[in-house]
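None of these values were measured; they are calculated from a predicted model. Naming: A, B, ... by sequence-line order, numbering from 1 per chain. Values reported hereafter were calculated over all heavy atoms of this structure, with side chains retained and with hydrogens, waters and symmetry mates removed.
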Amino acid sequence: MEKGTFEIKLGLSEMLKGGVIMDVVNAEHAKIAEEAGAVAVMALERIPADIREAGGVSRMSDPALIKEIQKTVSIPVMAKCRIGHFVEAQILEALGVDFIDESEVLTPADEVNHINKHQFKIPFVCGCRDLAEALRRIGEGAALIRTKGEAGSGNIVEAVRHMRKVVGEIQRLTALRDDELMAVSKKMGAPYELVKKTAELGKLSVPNFAAGGVATPADAALMMQLGAESVFVGSGIFKSNDPQGRARAIVQAVTHYNDPHVLLEVSAGLGEAMKGIEMKDLPEEERLQHRGW
Amino acid sequence: MPKKIGVLALQGDFAKHQAMLRLLKIETVLVKKPGDLHGCEGLIIPGGESTTLTKLIQKCNLYEPIREFTEKHPIMGTCAGAIMVASTVDDQRIEPLQLIDISVARNAYGRQIDSFITHVDVPFLKGSARFKTVFIRAPKIRNVGSQVEVLMELHGNPIMVQESNVLALTFHPELTSDPRIHKYFLEHFLSTQALL
(Lines give C-alpha, C1' and ligand atoms only; values in the text may rest on other atoms or scores of the structure.)
Protein backbone atom coordinates (compact mmCIF):
# COMPACT_ATOMS: atom_id res chain seq x y z
CA MET A 1 0.00 0.00 0.00
CA GLU A 2 1.40 3.41 -0.92
CA LYS A 3 0.69 6.67 0.89
CA GLY A 4 1.89 10.23 0.45
CA THR A 5 3.16 9.72 -3.11
CA PHE A 6 2.92 12.39 -5.77
CA GLU A 7 0.13 10.48 -7.52
CA ILE A 8 -1.97 10.53 -4.34
CA LYS A 9 -1.30 14.23 -3.86
CA LEU A 10 -2.38 14.88 -7.42
CA GLY A 11 -5.54 12.85 -6.74
CA LEU A 12 -6.77 15.43 -4.26
CA SER A 13 -5.98 18.29 -6.65
CA GLU A 14 -8.19 16.53 -9.22
CA MET A 15 -11.06 16.27 -6.73
CA LEU A 16 -10.97 20.03 -6.14
CA LYS A 17 -11.53 20.86 -9.81
CA GLY A 18 -14.53 22.91 -10.84
CA GLY A 19 -14.83 24.25 -7.32
CA VAL A 20 -14.25 27.21 -5.04
CA ILE A 21 -11.74 27.26 -2.18
CA MET A 22 -12.60 29.93 0.36
CA ASP A 23 -10.45 31.75 2.92
CA VAL A 24 -11.93 31.52 6.41
CA VAL A 25 -10.68 32.93 9.71
CA ASN A 26 -12.85 31.01 12.18
CA ALA A 27 -15.19 28.05 12.53
CA GLU A 28 -18.25 30.18 11.83
CA HIS A 29 -16.84 31.35 8.49
CA ALA A 30 -15.82 27.79 7.68
CA LYS A 31 -19.38 26.63 8.22
CA ILE A 32 -20.74 29.37 5.97
CA ALA A 33 -18.23 28.36 3.29
CA GLU A 34 -19.13 24.69 3.50
CA GLU A 35 -22.85 25.43 3.43
CA ALA A 36 -22.36 27.60 0.37
CA GLY A 37 -20.72 24.68 -1.44
CA ALA A 38 -16.98 25.37 -1.09
CA VAL A 39 -14.82 22.36 -2.06
CA ALA A 40 -12.25 23.30 0.59
CA VAL A 41 -11.44 26.06 3.03
CA MET A 42 -8.17 27.87 3.62
CA ALA A 43 -7.82 28.36 7.37
CA LEU A 44 -5.98 31.53 8.34
CA GLU A 45 -5.93 34.13 11.10
CA ARG A 46 -6.57 37.07 8.84
CA ILE A 47 -7.80 37.30 5.28
CA PRO A 48 -5.27 38.90 2.90
CA ALA A 49 -6.97 42.31 2.85
CA ASP A 50 -6.57 42.51 6.63
CA ILE A 51 -3.01 41.16 6.53
CA ARG A 52 -2.21 43.98 4.14
CA GLU A 53 -3.78 46.51 6.46
CA ALA A 54 -2.18 45.14 9.64
CA GLY A 55 1.37 45.13 8.25
CA GLY A 56 4.20 43.54 10.24
CA VAL A 57 5.35 39.94 9.82
CA SER A 58 2.62 37.57 8.80
CA ARG A 59 3.12 33.93 9.84
CA MET A 60 1.43 30.52 9.82
CA SER A 61 -1.88 30.59 11.73
CA ASP A 62 -2.23 29.27 15.27
CA PRO A 63 -2.67 25.48 14.97
CA ALA A 64 -5.46 25.69 17.58
CA LEU A 65 -7.50 27.83 15.17
CA ILE A 66 -6.87 25.43 12.29
CA LYS A 67 -7.82 22.49 14.51
CA GLU A 68 -11.13 24.10 15.39
CA ILE A 69 -11.89 24.59 11.71
CA GLN A 70 -10.93 20.96 10.99
CA LYS A 71 -13.44 19.87 13.63
CA THR A 72 -16.20 22.03 12.16
CA VAL A 73 -16.14 21.10 8.48
CA SER A 74 -15.99 17.85 6.54
CA ILE A 75 -14.40 19.34 3.41
CA PRO A 76 -10.60 19.53 3.00
CA VAL A 77 -8.87 22.12 5.17
CA MET A 78 -5.87 23.94 3.73
CA ALA A 79 -3.46 26.18 5.60
CA LYS A 80 -0.67 28.56 4.61
CA CYS A 81 2.98 28.48 5.55
CA ARG A 82 5.62 31.09 4.72
CA ILE A 83 7.69 30.66 1.59
CA GLY A 84 10.72 28.55 2.51
CA HIS A 85 9.52 27.89 6.06
CA PHE A 86 9.65 24.11 6.03
CA VAL A 87 9.19 23.84 9.77
CA GLU A 88 5.83 25.58 9.59
CA ALA A 89 5.03 23.03 6.88
CA GLN A 90 6.14 20.17 9.16
CA ILE A 91 3.80 21.48 11.85
CA LEU A 92 0.90 21.72 9.41
CA GLU A 93 1.57 18.19 8.21
CA ALA A 94 1.62 16.93 11.82
CA LEU A 95 -1.71 18.68 12.30
CA GLY A 96 -3.10 16.71 9.35
CA VAL A 97 -4.17 19.60 7.14
CA ASP A 98 -5.18 18.31 3.72
CA PHE A 99 -3.19 20.82 1.64
CA ILE A 100 -0.44 23.36 2.37
CA ASP A 101 -0.27 26.67 0.53
CA GLU A 102 3.32 27.92 0.48
CA SER A 103 2.06 31.42 0.12
CA GLU A 104 3.30 34.86 -0.81
CA VAL A 105 0.48 36.25 1.34
CA LEU A 106 2.64 35.50 4.38
CA THR A 107 6.04 37.09 4.93
CA PRO A 108 8.72 34.94 3.25
CA ALA A 109 11.10 33.08 5.57
CA ASP A 110 13.73 32.45 2.87
CA GLU A 111 14.63 34.85 0.10
CA VAL A 112 16.35 32.23 -2.04
CA ASN A 113 14.77 28.82 -1.53
CA HIS A 114 11.26 27.50 -1.57
CA ILE A 115 10.36 24.35 0.39
CA ASN A 116 11.39 20.96 -0.99
CA LYS A 117 7.81 19.77 -1.20
CA HIS A 118 8.75 16.23 -2.27
CA GLN A 119 9.74 15.55 1.32
CA PHE A 120 6.18 15.91 2.55
CA LYS A 121 3.32 13.42 2.45
CA ILE A 122 0.59 16.01 2.00
CA PRO A 123 0.16 18.04 -1.15
CA PHE A 124 1.27 21.65 -1.65
CA VAL A 125 -0.15 24.44 -3.76
CA CYS A 126 2.05 27.36 -4.86
CA GLY A 127 1.41 30.61 -6.68
CA CYS A 128 2.99 31.75 -9.92
CA ARG A 129 3.06 34.76 -12.25
CA ASP A 130 4.40 32.96 -15.29
CA LEU A 131 5.19 29.51 -16.63
CA ALA A 132 8.80 29.41 -15.44
CA GLU A 133 7.72 30.08 -11.87
CA ALA A 134 4.99 27.42 -12.15
CA LEU A 135 7.47 24.83 -13.43
CA ARG A 136 10.02 25.62 -10.71
CA ARG A 137 7.33 25.02 -8.10
CA ILE A 138 6.22 21.77 -9.75
CA GLY A 139 9.89 20.78 -9.86
CA GLU A 140 10.02 21.29 -6.08
CA GLY A 141 6.99 19.03 -5.70
CA ALA A 142 3.88 21.24 -5.83
CA ALA A 143 0.79 19.18 -6.75
CA LEU A 144 -1.27 22.22 -7.65
CA ILE A 145 -0.49 25.61 -9.16
CA ARG A 146 -2.48 28.81 -8.81
CA THR A 147 -1.99 32.29 -10.12
CA LYS A 148 -0.69 34.74 -7.56
CA GLY A 149 -2.83 37.58 -8.75
CA GLU A 150 -2.72 40.30 -6.13
CA ALA A 151 -4.10 38.88 -2.88
CA GLY A 152 -6.36 41.10 -0.84
CA SER A 153 -6.74 43.65 -3.63
CA GLY A 154 -10.24 42.73 -4.78
CA ASN A 155 -8.86 43.52 -8.23
CA ILE A 156 -8.81 40.72 -10.81
CA VAL A 157 -6.38 42.41 -13.19
CA GLU A 158 -3.22 40.70 -11.87
CA ALA A 159 -4.74 37.20 -11.82
CA VAL A 160 -5.82 37.75 -15.43
CA ARG A 161 -2.32 38.87 -16.34
CA HIS A 162 -0.78 35.80 -14.68
CA MET A 163 -3.23 33.28 -16.15
CA ARG A 164 -2.89 34.71 -19.66
CA LYS A 165 0.87 34.65 -19.29
CA VAL A 166 0.99 30.99 -18.19
CA VAL A 167 -1.49 29.81 -20.82
CA GLY A 168 0.14 31.89 -23.58
CA GLU A 169 3.62 30.64 -22.71
CA ILE A 170 2.42 27.03 -22.78
CA GLN A 171 0.87 27.63 -26.20
CA ARG A 172 4.15 28.98 -27.50
CA LEU A 173 6.05 26.00 -26.07
CA THR A 174 3.86 23.58 -28.00
CA ALA A 175 4.87 25.29 -31.25
CA LEU A 176 8.58 24.69 -30.70
CA ARG A 177 10.70 21.86 -32.06
CA ASP A 178 12.03 19.33 -29.53
CA ASP A 179 15.59 20.48 -30.11
CA GLU A 180 14.69 24.02 -29.10
CA LEU A 181 13.39 23.10 -25.65
CA MET A 182 16.74 22.92 -23.86
CA ALA A 183 17.62 26.49 -24.80
CA VAL A 184 14.15 27.62 -23.76
CA SER A 185 14.49 25.80 -20.46
CA LYS A 186 17.81 27.55 -19.84
CA LYS A 187 16.38 30.93 -20.69
CA MET A 188 13.25 30.39 -18.59
CA GLY A 189 15.11 29.04 -15.59
CA ALA A 190 12.80 26.04 -15.43
CA PRO A 191 13.60 22.31 -15.26
CA TYR A 192 14.11 20.83 -18.73
CA GLU A 193 12.06 17.67 -18.06
CA LEU A 194 9.05 19.76 -17.04
CA VAL A 195 9.44 22.12 -19.99
CA LYS A 196 9.43 19.08 -22.26
CA LYS A 197 6.47 17.48 -20.52
CA THR A 198 4.46 20.71 -20.60
CA ALA A 199 5.17 21.12 -24.31
CA GLU A 200 3.95 17.56 -24.92
CA LEU A 201 0.80 17.91 -22.80
CA GLY A 202 -0.07 21.42 -23.94
CA LYS A 203 -0.94 22.14 -20.31
CA LEU A 204 0.66 22.03 -16.88
CA SER A 205 1.27 18.55 -15.50
CA VAL A 206 -0.70 19.49 -12.36
CA PRO A 207 -4.06 21.31 -12.13
CA ASN A 208 -3.97 25.05 -12.64
CA PHE A 209 -6.24 27.20 -10.44
CA ALA A 210 -6.85 30.93 -10.16
CA ALA A 211 -6.30 33.08 -7.08
CA GLY A 212 -5.71 36.66 -6.05
CA GLY A 213 -8.34 39.35 -6.47
CA VAL A 214 -11.53 37.40 -7.19
CA ALA A 215 -14.44 39.49 -5.85
CA THR A 216 -17.48 38.67 -7.99
CA PRO A 217 -19.10 35.67 -9.70
CA ALA A 218 -18.08 37.26 -13.01
CA ASP A 219 -14.43 37.43 -11.86
CA ALA A 220 -14.54 33.72 -11.04
CA ALA A 221 -16.12 32.82 -14.39
CA LEU A 222 -13.60 35.03 -16.22
CA MET A 223 -10.72 33.07 -14.69
CA MET A 224 -12.39 29.77 -15.62
CA GLN A 225 -12.88 30.91 -19.21
CA LEU A 226 -9.22 31.92 -19.33
CA GLY A 227 -8.23 28.37 -18.41
CA ALA A 228 -8.41 28.07 -14.61
CA GLU A 229 -9.73 24.74 -13.37
CA SER A 230 -10.95 26.06 -9.98
CA VAL A 231 -10.91 29.33 -8.10
CA PHE A 232 -9.56 30.44 -4.72
CA VAL A 233 -11.47 33.31 -3.16
CA GLY A 234 -9.75 35.10 -0.32
CA SER A 235 -10.99 38.44 0.86
CA GLY A 236 -13.73 38.70 -1.78
CA ILE A 237 -16.34 36.79 0.21
CA PHE A 238 -15.98 37.89 3.81
CA LYS A 239 -15.15 41.50 2.88
CA SER A 240 -18.47 41.83 1.03
CA ASN A 241 -21.70 42.76 2.75
CA ASP A 242 -23.45 39.42 2.08
CA PRO A 243 -20.85 36.65 2.45
CA GLN A 244 -23.41 33.80 2.31
CA GLY A 245 -25.09 35.01 -0.84
CA ARG A 246 -21.84 35.90 -2.55
CA ALA A 247 -20.22 32.59 -1.65
CA ARG A 248 -23.16 30.64 -3.09
CA ALA A 249 -23.17 32.78 -6.22
CA ILE A 250 -19.44 32.26 -6.84
CA VAL A 251 -19.84 28.49 -6.43
CA GLN A 252 -22.55 28.50 -9.09
CA ALA A 253 -20.56 30.82 -11.34
CA VAL A 254 -17.64 28.38 -11.36
CA THR A 255 -19.88 25.44 -12.32
CA HIS A 256 -21.67 27.42 -15.04
CA TYR A 257 -18.74 29.60 -16.08
CA ASN A 258 -19.67 29.24 -19.73
CA ASP A 259 -23.35 30.05 -19.36
CA PRO A 260 -24.03 33.82 -19.34
CA HIS A 261 -27.69 33.27 -18.41
CA VAL A 262 -26.78 31.54 -15.17
CA LEU A 263 -24.04 34.12 -14.55
CA LEU A 264 -26.60 36.87 -15.00
CA GLU A 265 -28.97 35.22 -12.56
CA VAL A 266 -26.39 34.65 -9.83
CA SER A 267 -24.81 38.11 -10.22
CA ALA A 268 -28.02 40.00 -9.49
CA GLY A 269 -28.81 41.49 -6.10
CA LEU A 270 -25.64 40.47 -4.28
CA GLY A 271 -25.12 43.82 -2.61
CA GLU A 272 -21.78 45.53 -2.47
CA ALA A 273 -18.60 43.66 -3.33
CA MET A 274 -15.39 44.38 -1.43
CA LYS A 275 -14.10 47.83 -2.20
CA GLY A 276 -10.82 46.79 -3.81
CA ILE A 277 -7.64 48.63 -4.69
CA GLU A 278 -6.58 50.16 -8.00
CA MET A 279 -3.15 48.81 -8.93
CA LYS A 280 -1.75 52.31 -9.42
CA ASP A 281 -2.55 52.99 -5.76
CA LEU A 282 -0.54 49.97 -4.69
CA PRO A 283 3.21 50.66 -4.77
CA GLU A 284 5.39 47.91 -6.23
CA GLU A 285 7.04 47.23 -2.87
CA GLU A 286 3.65 46.55 -1.28
CA ARG A 287 2.59 44.02 -3.91
CA LEU A 288 2.51 40.51 -2.47
CA GLN A 289 2.99 38.88 -5.87
CA HIS A 290 6.68 39.84 -5.92
CA ARG A 291 7.36 37.47 -3.04
CA GLY A 292 8.71 34.12 -4.23
CA TRP A 293 11.42 33.37 -6.78
CA MET B 1 -24.64 4.72 -33.54
CA PRO B 2 -22.07 5.44 -30.85
CA LYS B 3 -23.38 5.37 -27.30
CA LYS B 4 -23.61 8.63 -25.46
CA ILE B 5 -22.81 8.72 -21.75
CA GLY B 6 -23.42 11.70 -19.49
CA VAL B 7 -20.85 12.74 -16.90
CA LEU B 8 -22.20 14.92 -14.11
CA ALA B 9 -20.01 18.02 -14.42
CA LEU B 10 -21.05 20.21 -11.50
CA GLN B 11 -17.73 19.80 -9.68
CA GLY B 12 -14.95 17.23 -9.37
CA ASP B 13 -12.82 15.11 -11.66
CA PHE B 14 -15.42 14.74 -14.40
CA ALA B 15 -12.81 15.44 -17.08
CA LYS B 16 -10.95 12.27 -16.03
CA HIS B 17 -14.07 10.15 -16.61
CA GLN B 18 -14.60 11.90 -19.90
CA ALA B 19 -11.04 11.12 -20.98
CA MET B 20 -11.49 7.45 -20.06
CA LEU B 21 -14.73 7.19 -22.04
CA ARG B 22 -13.12 8.89 -25.03
CA LEU B 23 -10.39 6.29 -24.90
CA LEU B 24 -13.16 3.70 -25.24
CA LYS B 25 -14.60 5.63 -28.21
CA ILE B 26 -17.69 6.65 -26.31
CA GLU B 27 -19.33 9.99 -26.87
CA THR B 28 -19.72 12.01 -23.67
CA VAL B 29 -21.92 14.87 -22.53
CA LEU B 30 -21.05 17.08 -19.56
CA VAL B 31 -24.27 17.25 -17.56
CA LYS B 32 -24.95 20.53 -15.77
CA LYS B 33 -28.70 20.94 -16.40
CA PRO B 34 -31.65 18.51 -16.59
CA GLY B 35 -31.82 18.94 -20.38
CA ASP B 36 -28.26 17.65 -20.76
CA LEU B 37 -29.45 14.17 -19.75
CA HIS B 38 -31.53 13.96 -22.90
CA GLY B 39 -30.16 11.34 -25.26
CA CYS B 40 -27.73 9.92 -22.69
CA GLU B 41 -27.75 6.17 -22.17
CA GLY B 42 -25.94 6.19 -18.89
CA LEU B 43 -24.59 8.61 -16.29
CA ILE B 44 -21.40 8.81 -14.25
CA ILE B 45 -21.19 10.81 -11.03
CA PRO B 46 -17.50 11.62 -10.52
CA GLY B 47 -15.34 12.17 -7.48
CA GLY B 48 -15.32 15.58 -5.86
CA GLU B 49 -16.80 16.95 -2.67
CA SER B 50 -20.16 15.46 -1.72
CA THR B 51 -21.27 18.56 0.24
CA THR B 52 -20.65 20.65 -2.89
CA LEU B 53 -22.41 18.10 -5.10
CA THR B 54 -25.40 18.09 -2.74
CA LYS B 55 -25.75 21.87 -3.04
CA LEU B 56 -25.27 21.96 -6.78
CA ILE B 57 -27.60 19.04 -7.56
CA GLN B 58 -30.32 20.98 -5.71
CA LYS B 59 -29.44 24.37 -7.23
CA CYS B 60 -29.34 22.96 -10.73
CA ASN B 61 -32.68 21.17 -10.25
CA LEU B 62 -31.08 17.82 -11.03
CA TYR B 63 -32.23 15.77 -8.04
CA GLU B 64 -35.48 14.38 -9.47
CA PRO B 65 -34.27 14.29 -13.10
CA ILE B 66 -31.32 12.07 -12.12
CA ARG B 67 -33.60 9.79 -10.10
CA GLU B 68 -35.99 9.51 -13.05
CA PHE B 69 -33.09 8.93 -15.44
CA THR B 70 -31.94 5.99 -13.33
CA GLU B 71 -35.28 4.23 -13.73
CA LYS B 72 -34.31 3.51 -17.33
CA HIS B 73 -30.56 3.96 -17.50
CA PRO B 74 -27.45 2.79 -15.65
CA ILE B 75 -25.46 5.03 -13.37
CA MET B 76 -21.98 4.73 -11.86
CA GLY B 77 -20.73 6.77 -8.91
CA THR B 78 -17.07 6.93 -7.87
CA CYS B 79 -16.04 8.12 -4.39
CA ALA B 80 -18.17 11.26 -3.83
CA GLY B 81 -20.36 9.79 -6.59
CA ALA B 82 -20.84 6.63 -4.49
CA ILE B 83 -21.88 8.82 -1.57
CA MET B 84 -24.42 10.59 -3.78
CA VAL B 85 -26.07 7.38 -5.05
CA ALA B 86 -26.26 5.75 -1.58
CA SER B 87 -29.51 5.31 0.32
CA THR B 88 -28.07 6.67 3.57
CA VAL B 89 -25.01 8.69 4.53
CA ASP B 90 -23.64 9.24 8.04
CA ASP B 91 -23.73 13.03 7.59
CA GLN B 92 -26.75 15.32 7.53
CA ARG B 93 -24.97 17.71 5.20
CA ILE B 94 -25.47 15.20 2.40
CA GLU B 95 -28.76 14.56 0.62
CA PRO B 96 -28.05 11.37 -1.31
CA LEU B 97 -30.05 10.38 -4.38
CA GLN B 98 -30.98 7.02 -2.76
CA LEU B 99 -30.46 4.89 -5.83
CA ILE B 100 -28.73 1.89 -4.25
CA ASP B 101 -29.38 0.23 -0.92
CA ILE B 102 -26.10 0.95 0.86
CA SER B 103 -25.12 3.10 3.79
CA VAL B 104 -21.93 5.07 3.45
CA ALA B 105 -19.58 6.79 5.89
CA ARG B 106 -17.71 9.83 4.57
CA ASN B 107 -13.92 10.30 4.90
CA ALA B 108 -13.88 6.95 6.66
CA TYR B 109 -10.15 6.34 6.24
CA GLY B 110 -9.21 9.80 7.55
CA ARG B 111 -7.75 12.94 6.04
CA GLN B 112 -5.59 13.37 2.95
CA ILE B 113 -2.52 12.07 4.80
CA ASP B 114 -4.37 8.72 5.04
CA SER B 115 -5.25 8.59 1.33
CA PHE B 116 -3.67 5.56 -0.34
CA ILE B 117 -3.21 3.41 -3.42
CA THR B 118 -3.34 -0.37 -3.31
CA HIS B 119 -4.01 -3.29 -5.65
CA VAL B 120 -7.20 -5.30 -5.30
CA ASP B 121 -8.58 -8.49 -6.87
CA VAL B 122 -11.42 -8.12 -9.35
CA PRO B 123 -13.27 -11.44 -9.05
CA PHE B 124 -16.11 -10.23 -11.29
CA LEU B 125 -13.66 -9.99 -14.19
CA LYS B 126 -12.60 -13.61 -14.32
CA GLY B 127 -8.90 -14.22 -14.75
CA SER B 128 -8.18 -10.54 -14.74
CA ALA B 129 -5.17 -9.02 -12.95
CA ARG B 130 -5.59 -6.95 -9.79
CA PHE B 131 -6.85 -3.39 -10.16
CA LYS B 132 -4.90 -0.36 -8.96
CA THR B 133 -7.37 1.30 -6.61
CA VAL B 134 -6.85 4.97 -5.71
CA PHE B 135 -8.52 6.08 -2.46
CA ILE B 136 -8.60 9.85 -1.86
CA ARG B 137 -10.22 10.87 1.46
CA ALA B 138 -12.42 7.93 0.62
CA PRO B 139 -15.76 6.81 2.08
CA LYS B 140 -16.55 3.33 3.35
CA ILE B 141 -19.62 1.27 2.55
CA ARG B 142 -20.83 0.22 6.00
CA ASN B 143 -23.93 -1.82 5.12
CA VAL B 144 -25.34 -3.31 1.96
CA GLY B 145 -28.97 -4.34 1.36
CA SER B 146 -29.94 -7.92 0.53
CA GLN B 147 -30.24 -7.16 -3.19
CA VAL B 148 -26.79 -5.58 -3.41
CA GLU B 149 -23.97 -7.58 -4.94
CA VAL B 150 -20.45 -6.92 -3.68
CA LEU B 151 -18.04 -6.90 -6.63
CA MET B 152 -14.79 -5.88 -4.92
CA GLU B 153 -13.61 -5.88 -1.33
CA LEU B 154 -10.65 -4.47 0.58
CA HIS B 155 -9.89 -6.07 3.96
CA GLY B 156 -13.44 -7.40 4.11
CA ASN B 157 -15.04 -4.02 3.33
CA PRO B 158 -17.03 -3.67 0.12
CA ILE B 159 -15.43 -1.09 -2.20
CA MET B 160 -17.43 -1.77 -5.37
CA VAL B 161 -21.08 -2.79 -5.26
CA GLN B 162 -23.96 -3.15 -7.68
CA GLU B 163 -27.72 -3.27 -7.43
CA SER B 164 -29.86 -3.43 -10.54
CA ASN B 165 -28.38 -0.77 -12.87
CA VAL B 166 -26.45 1.18 -10.25
CA LEU B 167 -22.72 0.79 -9.57
CA ALA B 168 -21.02 2.42 -6.59
CA LEU B 169 -17.23 2.51 -6.08
CA THR B 170 -15.39 4.10 -3.18
CA PHE B 171 -12.20 4.50 -5.24
CA HIS B 172 -11.24 6.25 -8.50
CA PRO B 173 -10.75 4.06 -11.59
CA GLU B 174 -10.75 7.34 -13.58
CA LEU B 175 -7.45 8.34 -11.96
CA THR B 176 -5.70 5.31 -13.46
CA SER B 177 -5.01 4.44 -17.08
CA ASP B 178 -6.86 1.13 -16.64
CA PRO B 179 -10.22 1.17 -18.47
CA ARG B 180 -11.48 -2.23 -17.26
CA ILE B 181 -14.07 -0.91 -14.81
CA HIS B 182 -15.43 1.70 -17.22
CA LYS B 183 -15.57 -1.06 -19.84
CA TYR B 184 -17.47 -3.29 -17.42
CA PHE B 185 -19.97 -0.49 -16.78
CA LEU B 186 -20.53 -0.02 -20.51
CA GLU B 187 -20.56 -3.68 -21.48
CA HIS B 188 -22.58 -4.92 -18.57
CA PHE B 189 -25.30 -2.31 -18.73
CA LEU B 190 -25.36 -1.24 -22.36
CA SER B 191 -25.11 -3.32 -25.47
CA THR B 192 -21.62 -4.75 -25.94
CA GLN B 193 -21.63 -3.23 -29.40
CA ALA B 194 -20.93 0.02 -27.64
CA LEU B 195 -17.29 -0.98 -27.63
CA LEU B 196 -14.97 -1.40 -30.56
4.5 Å side-chain heavy-atom contact, Thr255(A) and Lys59(B):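 No, their side chains stay 4.5 Å or more apart.
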
Drop me the distance from [X]'s [atom1] to [Y]'s [atom2], to the nearest 0.5 angstrom.
{"X": "Gln252(A)", "Y": "Lys55(B)", "atom1": "CD", "atom2": "NZ", "value": "11.5 Å"}
{"X": "Asp98(A)", "Y": "Asp114(B)", "atom1": "CG", "atom2": "CG", "value": "9.5 Å"}
{"X": "Lys121(A)", "Y": "Ile113(B)", "atom1": "NZ", "atom2": "CD1", "value": "7.5 Å"}

Keeping the roles fixed (side chain from [X], backbone from [Y]), state whether a donor-acceptor pair exists under 3.5 Å.
{"X": "Lys3(A)", "Y": "Ser115(B)", "answer": "no"}
{"X": "Asp13(B)", "Y": "Lys17(A)", "answer": "no"}
{"X": "Thr52(B)", "Y": "Ala38(A)", "answer": "yes"}
{"X": "Glu49(B)", "Y": "Ala40(A)", "answer": "no"}
{"X": "Gln11(B)", "Y": "Met15(A)", "answer": "yes"}

Pairs involving residues 34-60 of chain B, ordered by first then second residue, that meet ring pair (Phe, Tyr, Trp, His ring centres under 6.0 Å) (sequence neighbours left out):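 Output for this query is empty, none listed.
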
Minimum heavy-atom distance Leu175(B)-Gly11(A), with the two atoms named: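 The answer is CD1-CA, 3.9 Å.
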
[X] versus chain A, the contacting section by heavy-atom distance below 4.5 Å:
{"X": "Leu56(B)", "answer": "side chain"}
{"X": "Lys32(B)", "answer": "both"}
{"X": "Arg137(B)", "answer": "side chain"}
{"X": "Ile136(B)", "answer": "side chain"}
{"X": "Ala15(B)", "answer": "neither"}

Lys132(B)/Glu7(A) salt bridge by N-O under 4.0 Å criterion: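 Yes, Glu7(A) and Lys132(B) are salt-bridged.
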
Contact winner vs chain B - Pro76(A), Gly19(A), Gly18(A), heavy-atom pairs under 4.5 Å: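 Heavy-atom pair counts peak at Pro76(A).
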
Region of Glu93(A) in contact with chain B, defined by heavy-atom distances below 4.5 Å: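 Both backbone and side chain.
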
Stepwise side chain to side chain contact (heavy atoms under 4.5 Å, CB included) test for Ile8(A) and Gln112(B): CA-CA 9 Å; Ile8(A) 293 169; Gln112(B) 173 62 11; 3.7 Å; yes

Members of residues 68-94 of chain B whose heavy atoms come closer than 4.5 Å to chain A: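 So the qualifying residues are Asp91(B), Arg93(B).
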
Derivation and outcome, side chain to side chain contact (heavy atoms under 4.5 Å, CB included), residues Arg111(B) and Gln70(A): CA-CA 10 Å; Arg111(B) 300 183 177 282; Gln70(A) 285 176 315; 3.3 Å; yes

